[in-house]
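Following: one structure in structure tokens, then a few remarks.
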Amino acid sequence: MSRPSAIALAGMAALMLAMGIGRFAYTALLPQMRDEGLLDVGSGGVLAALNYLGYLAGALWAAFSRRADAPRRLMAGLLASAMTTLAMGLELGYPVWCGVRFMSGVASAAVYVYSTGIVLRSLAARGAAGWSGLHYTGVGVGIIVSAMLARAMTSGGGASEGWRWLGVVAALAAVGVAAVLLPAAREEAPAANDGSALVSGGPPMGWLTAAYGLAGFGYIINATFLPLMLRDQAGTASAALDGWLMVGLAAVPATAFWVRLSFRWGVYQALISATLLQAIGVALPVLVDGMGAAMVGAGLLGATFMGIAGLSQWLARVPDARATARRIGLITACYGLGQVLGPLLVAIRGPAGGFALPVMMASAALLCSALFLELSRRRERLA
């Protein structure tokens with residue numbers, strides 16, 4: 001039987017692979033891809049939107065699928081995530097890259113959903129749920145890895161070489177994850193799932209769903225374009241990747257921090273606080289010039305985006321596991337839609353449009369999200 005520490009570390013590696021690298025390495029390497037003439041802001045925004053669309057499709061497929069062969073689907077997601085990362089380092093042409101980034105998004109969702117389910121259930125069965133916090137650090141670790149490698153590529157190599165190196169890291173991580181989590185999954189008792197549960201019961205979902213959708217739009221523009229934004233601003237161009245590294249460093253302890261804070265304040269109060277802080281962090285890089293504001297904004301972004309996701313999904317759960325999956329699937333759909341719309345807005349405005357207006361719209365969306373969360377809290381009390 002696998003040890004709890006090994007299961008938690010494998011979970012961390014899974015999220016590092018699928019989210020930190022498979023999803024967010026694009027943010028780190030996008031400035032160099034633009035400088036090398038591989039993409040411009042418009043085409044880069046479309047690629048990002050397709051990745052988030054794939055994530056949305058994959059998350060809904062996982063949440064609403066009638067059959068859930070978790071080990072097999074996790075293995076498929078791990079392989080696809082590593083292969084699509086490697087594929088971005090090949091000269092396949094823009095149309096093929098569009099398909100690659102979409103499939104990368106589907107793979108990210110599969111790894112996130114199935115690895116998290118296996119890790120949490122396996123740790124609970126061993127009486128070691130406290131180890132679960134290590135699992136969620138994987139996103140921040142992956143961002144740190146991608147930021148450091150992208151920085152190394154600026155002094156030698158190039159974006160394509162960076163993608164290939166990250167693909168190697170992803171492949172090695174996939175082997176390690178499979179070696180630990182697949183046996184752990186086979187030790188679980190199979191759960192029946194006939195797909196009969198409906199998105200019903202539990203607290204009302206309307207305001208929470210709207211708030212989570214706005215949160216998806218609110219964070220994703222900075223989470224996709226922050227290094228490019230800093231590269232184009234006077235005073236921050238030489239340290240653009242430092243901002244993205246700060247996002248990763250802040251993200252590592254963030255989920256555990258917000259969960260612990262929610263025990264003191266309550267989940268809604270912690271979630272509203274995180275959302276308001278993120279609204280400030282998103283706006284800072286375009287409101288205030290200089291590295292200080294950029295780094296504070298990056299830190300606030302990294303310190304809140306995983307906490308917001310975790311606390312929102314916690315609010316959506318109900319005692320029935322299948323109904324919980326469908327409720328989380330519903331709010332994930334709205335969150336995913338917000339993620340798709342953010343990069344598309346930047347793409348539509350094009351290289352000449354700049355980032356100031358989209359970023360301020362994102363910050364305003366987060367303020368509205370906090371308001372909707374307060375309305376959701378009051379409606380739950382009445383219900």
Side-chain angles (χ1 to χ4, degrees), residues 24 26-27 30-31 34 40-49 51-52 207 210-237 239-244 246-247 250-251 254 271-309 312 334-375:
F24 288 123
Y26 181 76
T27 301
L30 180 57
R34 185 196 65 174
D40 59 21
V41 172
S43 58
V46 170
L47 272 188
N51 182 253
Y52 306 141
W207 290 115
Y212 198 45
L214 288 169
F217 177 81
Y219 97 98
I220 200 60
I221 293 176
N222 287 49
T224 303
F225 298 107
L226 181 64
L228 201 57
M229 290 163 51
L230 299 183
R231 178 74 65 87
D232 292 344
Q233 290 180 0
T236 61
L241 287 172
D242 292 342
W244 189 236
M246 175 61 74
V247 172
L271 183 53
I272 291 169
S273 299
T275 303
L276 292 174
L277 283 174
Q278 190 173 106
I280 296 170
V282 164
L284 266 178
V286 300
L287 287 180
V288 182
D289 293 333
M291 275 304 300
M295 296 300 281
V296 171
L300 290 175
L301 176 66
T304 52
F305 79 96
M306 284 301 295
I308 289 171
S312 297
C334 290
Y335 190 76
L337 181 61
Q339 289 184 131
V340 171
L341 293 176
L344 282 181
L345 175 61
V346 174
I348 290 170
R349 288 178 58 80
F355 292 102
L357 179 60
V359 167
M360 294 310 298
M361 290 175 64
S363 182
L366 287 164
L367 294 176
C368 290
S369 177
L371 174 61
F372 288 177
L373 287 169
E374 177 59 29
L375 292 173

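Bear in mind that the values here come from a model prediction, so they are computed numbers and not experimental data.
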Identify each donor-acceptor pair in which a side-chain atom of residues 289-299 lies under 3.5 Å from a protein atom, sequence neighbours left out, and give them as a table.
none

>> Taking the side chain as everything from C-beta on, heavy atoms only, tell me whether Ile221 gets closer than 4.5 Å to Met361.
In response: no
> Which pairs, with at least one residue in residues 223-237 and sequence neighbours excluded, count as a salt bridge (charged side-chain N to carboxylate O under 4.0 Å, His left out)?
Replying inline: Arg34-Asp232, Asp35-Arg231
>> Show the nearest heavy-atom pair for residues Leu228 and Pro31, with the distance to one decimal.
In response: CD1-CA, 3.6 Å
> Between Ala250 and Ala254, what is the shortest heavy-atom contact and its length?
Replying inline: O-CB, 3.5 Å
>> Rounded at 0.5 Å granularity, tell me how far OG1 in Thr224 sits from CG in Asn51.
In response: 8.5 Å
In a table with atom names and distances, give each donor-acceptor pair under 3.5 Å that connects a side chain of residues 273-286 to protein atoms at least two apart or in another chain.
| residue | atom | partner | partner atom | Å |
| --- | --- | --- | --- | --- |
| Ser273 | OG | Gln269 | O | 2.8 |
| Ser273 | OG | Gln269 | NE2 | 3.4 |
| Thr275 | OG1 | Leu271 | O | 2.8 |
| Gln278 | NE2 | Thr304 | OG1 | 2.9 |

>> Could you work out, with ring pair (Phe, Tyr, Trp, His ring centres under 6.0 Å) as the rule, every residue matching Phe372, not counting sequence neighbours?
In response: Trp207
> If you round to the nearest 0.5 Å, how far is CH2 of Trp244 from CG of Leu230?
Replying inline: 11.0 Å
>> Please list all pairs meeting salt bridge (charged side-chain N to carboxylate O under 4.0 Å, His left out) that have one or both residues in residues 213-222, counting only residues at least two apart or in different chains.
In response: none
Side-chain donor-acceptor pairs under 3.5 Å in residues 337-350, sequence neighbours left out?
| residue | atom | partner | partner atom | Å |
| --- | --- | --- | --- | --- |
| Gln339 | OE1 | Arg23 | NH2 | 2.4 |
| Gln339 | OE1 | Tyr219 | OH | 2.7 |
| Arg349 | NH2 | Gly353 | O | 2.5 |

> Closest approach of Phe305 and Ala251, non-hydrogen atoms and distance?
Replying inline: CE2-CB, 4.0 Å
>> Rounded at 0.5 Å granularity, tell me how far CE in Met306 sits from CG in Leu301.
In response: 12.0 Å
> Nearest heavy-atom pair of Ala240 and Pro227: which atoms, and what distance?
Replying inline: CB-O, 3.3 Å
>> Could you work out, with side chain to side chain donor-acceptor pair (under 3.5 Å) as the rule, every residue matching Thr236, not counting sequence neighbours?
In response: none
> Within a strict 4.5 Å, meaning less than it, do heavy atoms of the Cys334 and Tyr212 side chains meet?
Replying inline: no
> Sequence neighbours excluded, which residues qualify as ring pair (Phe, Tyr, Trp, His ring centres under 6.0 Å) partners of Tyr52?
Replying inline: none
> Any idea which heavy atoms bring Leu214 and Ala365 closest together, and the distance?
Replying inline: CB-O, 3.6 Å
> Does Ala309 offer a backbone N or O that forms a donor-acceptor pair with the side chain of Ser312 under 3.5 Å?
Replying inline: no
